[in-house]
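In what follows, a single structure is set out as structure tokens and then discussed.
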Amino acid sequence: MNKLDPRNIYDDLHQIPELGFEEFKTSAYLADKLEAMGYKVTRNIGGTGVIGEIKGSEPGPVMMLRADMDALPFLIDGEKKNIHACGHDAHSAMLLAAASELVGKVKRGTLRILFQQGEETLKGALAVIDAGVIEDVDIALGLHIRPVQDIAYGEMSPAVRHASSTFVNVVINGLSSHGARPHLGVNAIEAAAVAINAITAIKINPIIPWSCKVTGIKGGGVAPNIIPDKVEMIVDARAQTNEAMTELLEKLRRAVTNAAAALGATAEVTTPGGVIPAAEYDDELTAEVAECIVEVVGEEKLAKELVNPGGEDFHYFVNKYPHIKAAYFGVGAAAAPGLHHQDMQLNKEALPSGTAVLVKMVERKLG
Ligand SMILES: [Zn+2]
Ligand SMILES: [Zn+2]
């Protein structure tokens, strides 16, 4: 099998944007190519995930390279449309091209190529973990293209440090009564107002980036003269470390519960989508990624580490199996106007450099 060009793979994948857990054409394309290269391929991992493996002749670590595959849903002029607005087609393209270059280069250990489904649903990594294919991983390497807001085109960052993130559902239950007799009821909207004030008064150590804000509220309005007995709120919460997130959620629960109780209401606080863990990277591995970036694009294109308030389900791997040494780098691909924008465009000429860093890292660890 000849070396594949990530720009050509990108062109192919960009034409078949599919939503998380529905990446049927994308995963078949990637699995077929891996198989043709001589990888031992397992399909349908936790849904639509694909793994390709090559083993060296000598013992060594299991090194996993991971790319995500899914696109995002948009509603444009009333029509549903899937678009690769986060660049996951670029990630799969860089990884498949790296896989093609690594055939015959794995001397020790195991190279595991993972094409992961459903990153945008934040359930893909968990599905892969449940499939039992992460436990024996020693080293995990991920990557993501970066928008113009983060780093310049052609630059690469050795670490994208995502925050822990979650959305919190709050349900406040009061007591309905006639508008003329509010003293007989408990107004859930008033309790929600007190709760919002309490939420905005939460404090976490300000040297750690964090935020917590109400992003949805629903209640009352059935009739203008009925005291509302129920309010539902959504709170978007983020923190740069897992410890800060634990503290934030405890304080959020306390603030909401006590604020509601002050007016005689009760509150239920849940995180139905789970809590995405913050990035936890191995410093030595990250330093090696930085060295490889310098080898590929030169010192002047080595960008600083990025602190990113966005979530990434890649971090479930280390959160679940703390023995895994992980790193995750950013590829400046001139993505604009921004990720998750329906008009997002990137410069595919950035992709060969991403592929080259992946290849160099595997040569260091398994060559
Ligand atoms: Zn995204
Ligand atoms: Zn993404």
Side-chain angles (χ1 to χ4, degrees), residues 6 9-10 13-14 16-23 26-27 30 47-50 64-76 81-96 114-128 140-151 156-157 159-167 215 236 238 273-279 281 306-318 326-348 350-351 354-355 357-358:
I9 305 165
Y10 170 79
L13 296 179
H14 199 66
I16 48 169
E18 297 170 293
L19 300 183
F21 290 93
E22 296 173 9
E23 307 95 330
T26 306
S27 62
L30 295 164
T48 42
V50 173
M64 179 175 79
L65 306 183
R66 174 273 206 177
D68 39 20
M69 301 186 283
D70 54 327
L72 283 155
F74 288 87
L75 196 61
I76 300 171
K81 198 173 175 202
N82 301 338
I83 301 174
H84 267 300
C86 203
H88 297 188
D89 46 355
H91 308 159
S92 286
M94 287 187 275
L95 181 50
L96 186 66
L114 168 64
F115 292 106
Q116 186 206 298
Q117 71 277 34
E119 193 281 327
E120 298 291 357
T121 70
L122 301 175
K123 303 260 185 267
L126 289 172
V128 171
L141 187 57
L143 79 172
H144 205 295
I145 57 137
R146 302 315 314 161
V148 287
Q149 294 87 359
D150 277 11
I151 50 176
M156 284 199 260
S157 166
V160 185
R161 296 190 183 272
H162 302 97
S164 171
S165 65
T166 188
F167 67 89
T215 52
D236 175 284
R238 292 159 194 275
V275 180
I276 312 304
Y281 299 140
L306 298 168
V307 174
N308 186 324
E312 205 338 333
D313 73 354
F314 177 85
H315 306 306
Y316 276 117
F317 298 143
V318 174
Y328 187 107
F329 63 99
V331 179
L339 301 182
H340 289 210
H341 192 290
Q342 66 184 45
D343 299 326
M344 198 281 278
Q345 301 275 348
L346 60 83
N347 188 343
K348 65 183 177 183
L351 306 188
T355 295
V357 171
L358 291 172

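Note that ligands are numbered from 1 as they come in the structure, with each ligand's atoms numbered from 1 the same way. Please read these numbers as outputs of a predicted model, since none were measured by experiment.
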Proximity of F314 and H144 rings by center, below 6.0 Å: no
Which atom of H340 approaches the Zn ion (ligand 1) most closely (N/O/S): NE2
H144 atom (N/O/S) at minimal separation from the Zn ion (ligand 2): NE2
H315/Y281 aromatic ring centres below 6.0 Å: yes
N/O/S atom of E120 inside 2.8 Å of the Zn ion (ligand 1), strictly under: yes
Backbone or side-chain N/O/S of H88 under 2.8 Å of the Zn ion (ligand 1): no
Sidechain N-carboxylate O distance under 4.0 Å for D313, R66: yes
Atom pair CG (D89) and OH (Y10), whose distance is rounded to the nearest 0.5 Å: 5.0 Å
